[in-house]
Number of protein chains: 2
Amino acid sequence: MNTNPGPYNLHVIESCFGCVMREEGVFCHLPHAALSHLNSLRQTALYPRGAVLFVEGESPRGLFILCSGQAKLTANSRDGQSITLRLVERGEVLGLSSVISNSPYLASAETLKPSQVSFIPRLPFLQFLRASPDVALSVAKHLSMELHKAWEKTSLLALAPSTPAKVAHFLLAWAAEHGQKTVEGVHVPLNLTHEEIARSIGSSRESVSRILGDFRQRRLIRVNGGSVIILEPHGLHSVMTGSPAG
Amino acid sequence: MNTNPGPYNLHVIESCFGCVMREEGVFCHLPHAALSHLNSLRQTALYPRGAVLFVEGESPRGLFILCSGQAKLTANSRDGQSITLRLVERGEVLGLSSVISNSPYLASAETLKPSQVSFIPRLPFLQFLRASPDVALSVAKHLSMELHKAWEKTSLLALAPSTPAKVAHFLLAWAAEHGQKTVEGVHVPLNLTHEEIARSIGSSRESVSRILGDFRQRRLIRVNGGSVIILEPHGLHSVMTGSPAG
DNA sequence: TAGGTCCTGTGACGACGGTCACAAATACCC
DNA sequence: GGGTATTTGTGACCGTCGTCACAGGACCTA
């Protein structure tokens, strides 16, 4: 792992920014003028799998936009444990809150796949924000939604009656965001190791493995290479709420 | 508990708003003009202990500022469990994120003491924000810090090696915010029941009771009516990190 | 002082799940 | 293709902590 890696392959991918920005993410509904201003601030580079974009505690150089690929935000405890706070998909933004509050990154960002990442330096971005109140508002809105997700995760971790409940919640939440309905069930691309899942819900690899095995045996899910098919959403849901199993 | 209680004693406390706003909280560093505009939007009322300001799931009517007293934000699971997401002190704001993102309140707010609370309706507030970009920015900044706290709590819940570690963390965090150093140690006003603490860290009343008893026996803390004196911050810290005890 | 209600302290018990250990399976790379 | 690294599946063990149960305290009201 490389603390301050720099672009591995610095060639600008012109199409990336405009496309991602208009479809999804914080800046999606900005007027064209604002978008092209933002566009002029960014630098885009291609990072390999496992690249570290920034490290917990570092003071915020700027924000990152994931144009393609996948990344994760992880917080570490002193004894080497870590939890995955957020999985970041195409079009999402990293480091925004630290840039806004000018406080150290509170998590480390690492790519999970080769990823095209745009970088916008802090000061130009803040200047841009000061000049455009509606962008500031949409940033605030985005942060609010982030906050809601964080609180949801907190309640989950504290309130979930059991580890199976956490796994069920994780699968359902993931399906809600990235799943596609088919005849046999909800098809969820889930290219994460059991280890990653465990870290995301604050459990252990072995438990996740056992629990997924159990779900499979009870025909709640089916695993297919890098993806999971949820056969019985209701079943998972009742596991999640701790009700006496359906 | 009263879902939509309305002011119990609707008399405006003129001094409250100006004083609280200037000292602490989101709006503390606003120019005078902005403050007096906000001031004109607010309605202030006195609520008794146990009053419910808003309920999880309700669509956001507006935001609340706690001028005096104390309140808590709690999230509930379907089976009656609840976790205290945040304890709200004088000068702090409630419901801001829901107002900004126009999504349902994701937690319920309840006073823990008789409290003076100012209310600002949603639409006028949003209008005010749109008109004043630096206020929008300071709101974004505030939300960022909220987000950091929420993530910290998440990592705590997931990474803490044990329940004693969570309790230690809770005490230290509380001390950092509200403690006062004296000769014998850090003096922390902590008028919370063990039940409240347990809910705040996702544990049980009995465990908290036992753990505090243990801390007391090991001379890490001393309890004095409604307040705790931390005698050995380092000791607590090593409990928190799970190191082999100092 | 008597009678509530709420909070605290403690004992006993049991299971959930984390840890260790190892084997099988799969993916990755020259 | 073979060789290595990573990921997954499972068994055994046992400590932690949540649950149940009850007794003693603190505090308020009458």
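Just so it is clear, the values below take in all heavy atoms, side chains as well, and ignore hydrogens, waters and symmetry mates. So you know, we letter chains A, B, ... as the sequences are listed, proteins then strands, and number each from 1.
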Trainee: Would the distance check show the side chain of B:Thr182 and the main-chain N or O of B:His187 forming a donor-acceptor pair, the cut-off being under 3.5 Å?
Mentor: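 A pair under 3.5 Å: no.
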Trainee: Could you state the CG-P distance from A:Leu212 to C:dA25, rounded to the nearest angstrom?
Mentor: 19 Å
Trainee: Would you kindly check whether a donor in the side chain of B:Arg210 faces an acceptor in the base of D:dT19, or vice versa, at under 3.5 angstrom?
Mentor: yes
Trainee: Between A:Val88, A:Thr111, A:Leu112, which is the residue that forms a side-chain contact (heavy atoms from CB on, under 4.5 Å) with A:Gln70?
Mentor: A:Leu112
Trainee: For B:Thr193, report the nucleic acid contact type (base, sugar-phosphate, nothing); a contact means any heavy atom under 4.0 Å.
Mentor: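 Contact class for B:Thr193: sugar-phosphate only.
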Trainee: Can you label the angle between the B:His178 ring and the B:Trp174 ring as parallel, tilted or perpendicular, going by 30° and 60°?
Mentor: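 B:His178 and B:Trp174: tilted rings.
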Trainee: For a quick check, tell me whether the side chain of A:Arg205 and the base of D:dG9 share a donor-acceptor pair closer than 3.5 Å.
Mentor: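 In this structure, the two groups form a donor-acceptor pair.
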Trainee: How many Å lie between CD on B:Glu206 and C1' on D:dA23, as a whole number?
Mentor: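 It works out to 14 Å between those atoms.
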Trainee: Using whole Å, what does the distance between atom P of nucleotide D:dT10 and atom CD of A:Gln217 come to?
Mentor: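 Those two atoms, CD and P, are 8 Å apart.
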Trainee: Rounded to the nearest Å, what distance is computed from the CG atom of residue B:Asp214 to the P atom of nucleotide C:dT8?
Mentor: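 One finds 17 Å between P of C:dT8 and CG of B:Asp214, rounded.
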Trainee: Any side-chain N or O of A:Ser209 below 4.0 angstrom from OP1/OP2 of D:dG9?
Mentor: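 For A:Ser209, the contact criterion (side-chain N or O under 4.0 Å from OP1 or OP2 of D:dG9) is met.
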Trainee: Under 3.5 Å, which N/O atoms of the protein pair with N/O atoms of nucleotides 14-17 of chain C?
Mentor:
from: C:dG17; atom 1: OP1; to: A:Thr163; atom 2: N; distance (Å): 2.4
from: C:dG17; atom 1: OP1; to: A:Thr163; atom 2: OG1; distance (Å): 3.1
from: C:dG17; atom 1: O5'; to: A:Thr163; atom 2: OG1; distance (Å): 3.2

Trainee: CD of B:Glu195 versus C1' of D:dA26: gap in Å, rounded?
Mentor: 17 Å
Trainee: Are the side chain of B:Tyr105 and the backbone of B:Arg61 linked by a donor-acceptor contact shorter than 3.5 Å?
Mentor: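 Yes, B:Tyr105 side chain to B:Arg61 backbone: donor-acceptor pair under 3.5 Å.
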Trainee: For a quick test of reading the model: is some side-chain N or O of B:His194 closer than 4.0 Å to OP1 or OP2 of C:dG9?
Mentor: yes
Trainee: A:Lys113 NZ to C:dA27 C1': how many Å, rounded?
Mentor: 16 Å
Trainee: For A:Arg199, is there an ion pair with A:Glu195 - N to carboxylate O distance below 4.0 angstrom?
Mentor: yes
Trainee: Give me the atom names and distance for the closest heavy-atom approach of B:Leu73 to B:Ala109.
Mentor: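 Closest pair (atom of B:Leu73, atom of B:Ala109, distance): CD2-CB, 3.9 Å.
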Trainee: Distance-only, no hydrogens or angles: does the A:Lys153 side chain make a donor-acceptor pair with backbone N or O of A:Arg86 under 3.5 Å?
Mentor: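 No: the side chain of A:Lys153 does not pair with the backbone of A:Arg86.
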Trainee: Nearest-Å distance, CG (A:Leu159) to P (D:dG18)?
Mentor: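 So the CG-P distance, A:Leu159 to D:dG18, works out to 13 Å.
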